[in-house]
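A short write-up of the structure that comes next.
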Amino acid sequence: MVKITALMVLKCRPEGSDPVILVNASDLSNFGFFQRPSVKEFIVFVGRTVAKRIPPGQRQSVQHEEYKVHSYNRDGLCALGFMDDHYPVRSAFSLLNQVLDEYQKNFGDSWKTVQDDNAQQWPYLSEALTKFQDPAEADKLLKIQRELDETKIILHKTIDSVLERGVKLDSLVEKSSDLSAASQMFYKQAKKTNQCCTIL
Amino acid sequence: MSVKSGNASTRDRTQEFLGIAERAKKSISLQNGPSSSGSKREEPPRSAVAMQSEFNRRASKIGFGIHQTSQKLSKLAKLAKRTSVFDDPTMEIQELTAVIKQDITALNSAVVDLHDTSSHSTTVVDDLKNRLMSATKDFKEVLTMRTENLKVHENRRQLFSSSASQNPSNPFVRQRPLAAKPPASNSAPAPLPWAKGQQSSSQLFPKNQVEGESQPLLQQQQSQQQQQLVPLQDSYMQSRAEALQNVESTIHELGTIFNQLATLVSQQGEIAIRIDENMEDTLSNVEGAQGALLKYLNSISSNRWLMIKIFFVLIFFLTIFLFFVA
């Protein structure tokens, strides 16, 4: 099953120093209650490392144990996503794109001056995390492809039923032609009995 | 003298024409030759003939060259019309354009310095000039069409790769030849760079748990990640392009399915009309039969004819009885 474990937005300084985490949202329902803090630490650390390594203006995906970390750096603002292997790559990156756009709409350029971790709260990120568990939501192309496939299936069924209708119409034609022949015979008979025996 | 030069696009009969003209001129000049008295007059006709044949040869060469150029031009026009977003034969088109330009300029200069006094040669020269002008016009049209096509493709490419245009550096330059690859081979190279990148990073990352070891490993990781950056960017674009093409082909299939549905339904509509006609025939038949039966019923149920019949039978017996008795 496809799953997003965490989404993060970081500010990546050009070289050297560690990036600053701006917003962090994670869904740790898979892990037991006592593992959660360590998993959170792990996510934070891995996220910082990956964001540090990514050059600006690039997309990158790193595989770590059973997770893939997708990162997208745009002008020093970096969005990270921890997803499992089944999540399609393209939707992951379009999701990161969307997150970055939203962030820039909401916070403008104020992120450039932030120095501490987790200084801002952003409920949109946790909503996005739950909403985009289904990759079709993030990627319009995937959604369109899915709808088109459904439409194609429906159309196939329609054509099958139309063919059945054709068969039934053929039988109807046969029956109606038989009926018209029988009625003609009936008419002839009636005429015959009427004209023939006027005497007795 | 019939002007049999014909169209250069279908068959080049310039040589025949020029040969015939030459022979005719020779015969006329030969006729004039013996009738003339002085030997001085033999010279100009012969040199005229020589000049004529020379002129004819050059004119025929120029006509042939124009014909070849127009053929090349038609090939160029086909190539220019054929260009699509993904594979345009830019190199061939440019070569062909350069060759055609050279030919046209050479032919132009040849026509300019080919001129003669007699009226026939001026007509020939005019004809050649006209053909050359039409060839240049076609050439210009093809070039404008080609630039328009290029503009349209540029727009489309920008529409589709709008995110790539934000990276004016190396990855973008690398993307274009990859995007220009034919779509059929998209699926094969796309998994490969991705799988390669996965393997290299998965080898490195498990070691990265402890902070102390992070420093020497990070440098290794950086170099290898840089290697996988460029193919990742390309594969991302490729996968987007592939998805778009899938969507397009699905929509196309849907269109064909709808068409088939429409044909099926129209055929069945015809069948339904036939059924309707059959039923109407049946109805009319049954109504006629019903009328006939009604008449029969009336005739049976009325007693008039019966009384007349009984009366006739009585009269018949009475007459027979009367005849036998009396």
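Protein chains get the first letters and strands the later ones, always in sequence-line order, with residue 1 at the start of each.
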Gap between atom [atom2] of [Y] and atom [atom1] of [X] - 0.5 Å precision:
| X | Y | atom1 | atom2 | result |
| --- | --- | --- | --- | --- |
| Leu169(A) | Arg274(B) | CG | CZ | 10.5 Å |
| Gln268(B) | Asp170(A) | CD | CG | 8.0 Å |
| Thr158(A) | Leu264(B) | OG1 | CG | 11.5 Å |
| Arg240(B) | Ser94(A) | CZ | OG | 7.0 Å |
| Gln290(B) | Ser183(A) | CD | OG | 13.0 Å |
| Thr250(B) | Leu148(A) | OG1 | CG | 5.5 Å |

(Q) Does any backbone or side-chain atom of Ile144(A) lie under 4.5 Å from a heavy atom of chain B? Answer side chain, backbone, both or neither. (A) side chain
Q. Relative to chain A, which segment of Glu280(B) carries a heavy atom at a distance below 4.5 Å: side chain, backbone, both, or neither?
A. neither
Q. Are the side chain of Gln145(A) and the backbone of Ala243(B) linked by a donor-acceptor contact shorter than 3.5 Å?
A. no
Q.
Using a 4.5 angstrom heavy-atom cutoff, name the option from Leu297(B), Asn285(B), Val265(B), Ile251(B) with the most pairs to chain A.
A. Asn285(B)
Q.
If you count heavy-atom pairs within less than 4.5 Å of chain A, which of Leu293(B), Val286(B), Leu254(B) leads?
A. Leu254(B)
Q.
Taking every non-hydrogen pair under 4.5 Å, which of Glu174(A), Gln189(A), Lys175(A), Gln184(A) racks up the most with chain B?
A. Gln184(A)
Q | Exercise: identify the closest heavy-atom pair between Ala292(B) and Ala190(A) | A | CB-CB, 3.8 Å
Q | Nearest atoms (heavy-atom pairs only) where Thr193(A) meets Tyr296(B) | A | O-CE1, 3.3 Å
Q) Do we see a donor-acceptor contact under 3.5 Å between the side chains of Asp281(B) and Ser180(A)? A) no
Q) Any side-chain heavy atom of Asn278(B) sitting closer than 4.5 Å to one from Leu179(A)? A) no
